[in-house]
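Structure first, commentary second.
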Amino acid sequence: MAERITPRSENYSDWYVDIVIQAKLADYSPVKGCMVIRPRGYALWEHMQRAIDDMFKATGHVNAYFPLLIPQSFIQREAEHVEGFAPELAVVTHGGGEELEEPLVIRPTSETIIWSMYKKWIQSYRDLPLLINQWANVMRWEKRTRLFLRTTEFLWQEGHTAHATAREAREETLRMLDVYRRFAEEYMAMPVLTGLKTDAEKFAGAIETYSIEAMMQDRRALQAGTSHFLGQNFAKAFDVTFQTAEGSLDHVWATSWGVSTRLIGALIMTHSDDKGLVAPPRLAPTQVVTIPIFKSKNKAEVLRYAEGVHERLRGRFRAEYDSDDANSPGWKFSEWEMLGVPLRVEVGPRDMENNTVVLVRRDSGEKQSVGVEEAPDAVARLLDDIQTALFERAKHFREQNTHAIDDYEELKRFFENDGGFAIVPWDGSPETEAQVKEETKATIRVLPEGNEKRAAGKTAIITGKPARHLVVFAKAY
RNA sequence: CGGGAUGUAGCCUAGGGGCUAAGGCGCCUGGUUUGGGACCAGGAGAUCGGAGGUUCGAAUCCUCUCAUCCCGACCA
């Protein structure tokens, strides 16, 4: 058959690309590094957006929209920020057939334009906190792109908040990190580690960066969301001050946080198999597909019966019905498995006779027969079971591939072989971090909460000094 | 950005200076089928990734270029 998927064991990268293309999630565009998100991929994004957006609203945030184009000088206002982003900016130099007086950059992120506006909107502590999110596209000129994981243009949300105190801003940073963790676990069925990034890995312009990190099936880490405590860096760069209740003038404290269409890549690499996409039921574009199985002599009756089954399902679930008689049932089974539909309902003459349907799970292939009356409840129950099973399976996989390693030689061997997450005592020095990266390609993904206490009494790798942190090393995307 | 590989119909592949570019899958029409990727017959679909060059003649040789994949460098 034409739609062959490269097995994961043969070539993990090819497998990933095959899934994206053949599950019709995205396609290459004529422009290097850009991609078209196809309806099935975009539907995944829409379901993600809805869930995340609801969580933002529930935590007091509102949406707004800031422009795509930013004066080049804005990016240069914050020293670290300009250094971090300069190499990957796309710059507009001409408009209306004339060279622009000042070039405009296409936003790689919107801190600068947003803070230039916050300066106008914030005068008093009564204007704070300001909790704004935007859903937008951004552009970063990446040298090596991969569908969903790293593309030149991508879709994301970026929250930008302003607070009266450092404490409030820090709380916000952690609150949103927790929103991301909950979203990843509850909707994507993707377990994540959370924690602080090292200075080497943090956002350009942040004081502290936190992230959620997931383990893909090749045991590499994927940073799936970030939340930054920006301190007063941008407030100072854009001179955003407010008058306190006591009458003094102070710079505003800031956070920013984002997740992107990269989450779709994370979802694919967390759950899918050699038969195609496996989508968690809560986000799956189609949750259940009904496939009638008929012979020419009973076609009309079976179709009538199957349509009745579909009718029972479609109000309650994202349901499809595939009665096309150009393809055999077997072909359809494979096709819908490729597309990642969590549950298949097979309806044939035997079911019609018994007034039953057959339900088949995408994650396990397990089949069961239920009465047609109970089908909707059974579908609901199975979708929940699949959601839970996917999470548990991914969590088990991560645990199986997470090891505490105290010895540097052992750490090197670990990353030469299968790799995974290594919990390692670290002396806290950038030199040690750089040496490990140089020699093993693994980086510190996060410093988990409370790691300092657990590091007590341990000896750091390489230097043999007392460990200050117990950190997670992994090779990353 | 450096090294490697690959671009021939929607997809996969054959053809490596010479006649009308070949096959499989998919697609269209008709018929038979249908509980794990069905079958028969007929049909449509290609300026051989793009540009330039060499030649009487280029899918084939040369140069440049674009894209994708792999390995590295880079990557909040």
Side-chain angles (χ1 to χ4, degrees), chain A residues 1-6 10-18 20-22 27-35 78 80-88 108-111 138 140-147 149-152 154 156 158 197-211 223 225-230 233 256-260 262 275-276 291-299 302-303 306 322-338 344-353 356-358 360 365 367 369 437-438 441 443 476-477:
Chain A
M1 290 295 114
E3 292 92 7
R4 177 176 169 270
I5 292 175
T6 306
E10 194 176 297
N11 185 325
Y12 193 81
S13 294
D14 285 353
W15 167 79
Y16 174 75
V17 172
D18 286 348
V20 171
I21 299 298
Q22 291 181 28
D27 207 346
Y28 293 105
S29 88
V31 179
K32 178 181 170 64
C34 293
M35 67 177 200
E78 211 282 332
E80 273 188 54
H81 197 63
V82 61
E83 195 184 326
F85 283 108
E88 43 190 82
T109 179
S110 302
E111 272 78 4
V138 289
R140 297 178 187 178
W141 217 260
E142 300 287 355
K143 296 193 169 148
R144 188 170 171 179
T145 57
R146 287 160 71 74
L147 293 166
L149 298 175
R150 178 171 286 112
T151 46
T152 301
F154 56 94
W156 78 343
E158 46 181 326
K197 287 291 198 184
T198 63
D199 285 350
E201 300 278 329
K202 76 178 165 79
F203 172 68
I207 305 290
E208 290 164 356
T209 289
Y210 294 83
S211 77
Q223 176 176 300
T226 50
S227 186
H228 315 290
F229 171 64
L230 301 174
N233 289 352
S256 70
W257 24 272
V259 294
S260 71
R262 183 180 234 207
K275 294 197 287 188
I291 300 178
I293 298 156
F294 47 81
K295 302 200 181 295
S296 42
K297 58 179 181 292
N298 60 19
K299 180 174 173 179
V302 172
L303 283 181
D322 184 358
S323 63
D324 182 353
D325 74 350
N327 298 118
S328 68
W331 190 92
K332 292 177 194 174
F333 298 166
S334 301
E335 186 67 12
W336 288 102
E337 282 166 358
M338 178 108 73
R344 175 172 79 237
V345 183
E346 300 179 4
V347 182
R350 293 202 294 271
D351 304 296
M352 190 169 64
E353 240 169 70
T356 57
V357 301
V358 174
V360 187
K367 294 189 180 193
S369 184
K437 182 178 180 181
E438 172 69 27
K441 308 297 177 203
T443 51
Y477 275 94

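Each chain gets a letter, A, B and so on, in the order its sequence line appears, and its residues count up from 1.
Within the shown strands, B:G4 is the pairing partner of B:C69 under the Watson-Crick or G-U definition, both distances less than 3.5 Å. Judged by Watson-Crick or G-U wobble contacts below 3.5 Å, the nucleotide B:G10 has B:C25 as its partner.
Here B:G37 is the nucleotide among B:G37, B:U33, B:C69 with the atom lying nearest to any side-chain atom of A:M338. Candidate nucleotides B:G35, B:G37, B:C74 were compared by shortest atom distance to the side chain of A:K143, and B:C74 ranks first. Of the listed nucleotides (B:C69, B:A38, B:G35), B:A38 has the atom at the smallest distance from the side chain of A:W331. Of the listed nucleotides (B:C75, B:G35, B:U34), B:G35 has the atom at the smallest distance from the side chain of A:P349.
The base of B:G36 sits within donor-acceptor range of the side chain of A:E337, with an N or O pair under 3.5 Å. Between the side chain of A:D351 and the base of B:G35, a donor-acceptor pair under 3.5 Å is found.
In this structure, the CD atom of A:E346 is 10 Å from the P atom of B:G35, given to the nearest Å. What separates CZ of A:R144 from P of B:A67 is a distance of 16 Å, to the nearest Å.
In this structure, B:G30 shows a glycosidic angle more than 90 degrees from zero, which is the anti conformation.
Among the protein residues, A:Y28 comes within range of the sugar-phosphate backbone only, with heavy atoms under 4.0 Å from sugar or phosphate atoms but none that close to a base.
Straight-line distance between the P atoms of B:G30 and B:C12: roughly 30 Å, to the nearest whole Å.
Salt-bridge check for A:K299 with A:D325: passed, with a basic side-chain N closer than 4.0 Å to an acidic carboxylate O. Electrostatic pairing of A:R344 and A:E346 counts as a salt bridge here, judged by a charged N lying under 4.0 Å from a carboxylate O.
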